[in-house]
Chemist: 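Here it is, the structure in full.
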Amino acid sequence: MHWYTSVLKKYVAFEGRARRQEYWMFTLFNIIVSMVIALVDYLIGTGSILGMIYSLAVLLPSLSVTARRLHDTGRSGWWILLTFIPLIGAIILLVFLCQDSQGDNKYGANPKTSQSF
């Protein structure tokens, strides 16, 4: 849950870097919450109103964590625009998001070495 709330707190922080764990844990929690909201929508018969509201609420946090994840691999956040290329763009972006962190780069220090738990 920590990963989900930390991304929501930095919802417009497009600068910096995000580790793979931060990105994928946010994505996992986002999918789980979306499924629960879809179930609630179905049970109370509101169509998909709650789902649309939730999707709009997490749009900026999702974009910001994706941009920071791309920064961690040494790429600009503008690579998110690849999603507009049908199928191929999403596959290329997925490969970028799965890659390991680069060492220190122009977007900041390597978060693997600078983060303490």
Chemist: Pairs of donor and acceptor atoms involving the side chains of residues 49-59, under 3.5 Å and at least two apart or interchain, shall be tabulated with distances.
Modeler:
from: Tyr54; atom 1: OH; to: Tyr4; atom 2: OH; distance (Å): 2.5
from: Tyr54; atom 1: OH; to: Asn30; atom 2: OD1; distance (Å): 2.6
from: Ser55; atom 1: OG; to: Gly51; atom 2: O; distance (Å): 2.9

Chemist: Side chains of Trp24 and Cys98, heavy atoms from C-beta outward: is any pair under 4.5 Å?
Modeler: yes
Chemist: Write out all pairs satisfying side-chain hydrogen bond (donor to acceptor under 3.5 Å, both in side chains) with one or both partners inside residues 31-48, taking only residues at least two apart or from two chains.
Modeler: Asp41-Thr46
Chemist: Output the distance between atom CZ (Arg19) and atom CE (Met25), rounded to the nearest 0.5 Å.
Modeler: 12.0 Å
Chemist: About how many Å separate CG of Leu87 and CD1 of Ile92, when rounded to the nearest 0.5 Å?
Modeler: 9.5 Å
Chemist: Applying side chain to side chain contact (heavy atoms under 4.5 Å, CB included), name anything that partners Leu39, two or more places apart in sequence or on another chain.
Modeler: Leu43
Chemist: Linking I/L/V/M/F/W/Y whenever their side-chain heavy atoms sit closer than 4.5 Å, directly or via other members, would Val65 and Tyr107 fall into one cluster?
Modeler: no
Chemist: Apply ring pair (Phe, Tyr, Trp, His ring centres under 6.0 Å) to Phe29 and list each qualifying residue two or more places apart in sequence or on a separate chain.
Modeler: none
Chemist: For the side chain of Asp104 and the backbone of Asn110, is there at least one donor-acceptor N/O pair under 3.5 Å apart?
Modeler: yes
Chemist: Applying salt bridge (charged side-chain N to carboxylate O under 4.0 Å, His left out), which residue pairs with at least one partner in residues 84-103 are found, sequence neighbours left out?
Modeler: Arg20-Asp100, Asp100-Lys112
Chemist: Specify the closest pair of heavy atoms between Gly77 and His71, including all atoms of both residues, with the distance to one decimal.
Modeler: N-NE2, 3.6 Å
Chemist: If two hydrophobic side chains count as joined below 4.5 Å and joins carry through other members, does Ile88 share a cluster with Phe96?
Modeler: yes
Chemist: So Leu8 and Phe26, do their side chains get closer than 4.5 Å, heavy atoms only?
Modeler: yes
Chemist: So Trp3 and Thr27, do their side chains get closer than 4.5 Å, heavy atoms only?
Modeler: no
Chemist: If you group Ile, Leu, Val, Met, Phe, Trp and Tyr by side-chain heavy-atom gaps below 4.5 Å, do Met35 and Ile37 land in one group?
Modeler: no
Chemist: Walk me through it: do Phe14 and Leu60 pass the test side-chain contact (heavy atoms from CB on, under 4.5 Å)?
Modeler: CA-CA 10 Å; Phe14 286 87; Leu60 278 177; 4.3 Å; yes
Chemist: At their closest point, which heavy atom of Ala13 faces which heavy atom of Ser64, and how far apart are they?
Modeler: O-CB, 3.8 Å
Chemist: With sequence neighbours left out, which residue pairs that include part of residues 50-70 fulfil the salt bridge (charged side-chain N to carboxylate O under 4.0 Å, His left out) condition?
Modeler: Glu22-Arg68, Arg69-Asp72
Chemist: Any chain of hydrophobic side-chain contacts (each under 4.5 Å) joining Trp79 to Leu81?
Modeler: no
Chemist: Kindly work out whether a path of hydrophobic side-chain contacts (I/L/V/M/F/W/Y, heavy atoms less than 4.5 Å apart) joins Val12 to Ile80.
Modeler: yes
Chemist: For residues Thr73 and Leu97, determine if any side-chain heavy atom of one lies less than 4.5 Å from a side-chain heavy atom of the other.
Modeler: no
Chemist: Let's go through Arg17 and Gln102 carefully: what are the C-alpha distance in whole Å and the side-chain angles of both, what is the deciding distance for side-chain contact (heavy atoms from CB on, under 4.5 Å) to 0.1 Å, and is it a yes or a no?
Modeler: CA-CA 10 Å; Arg17 297 170 66 166; Gln102 215 179 41; 4.2 Å; yes
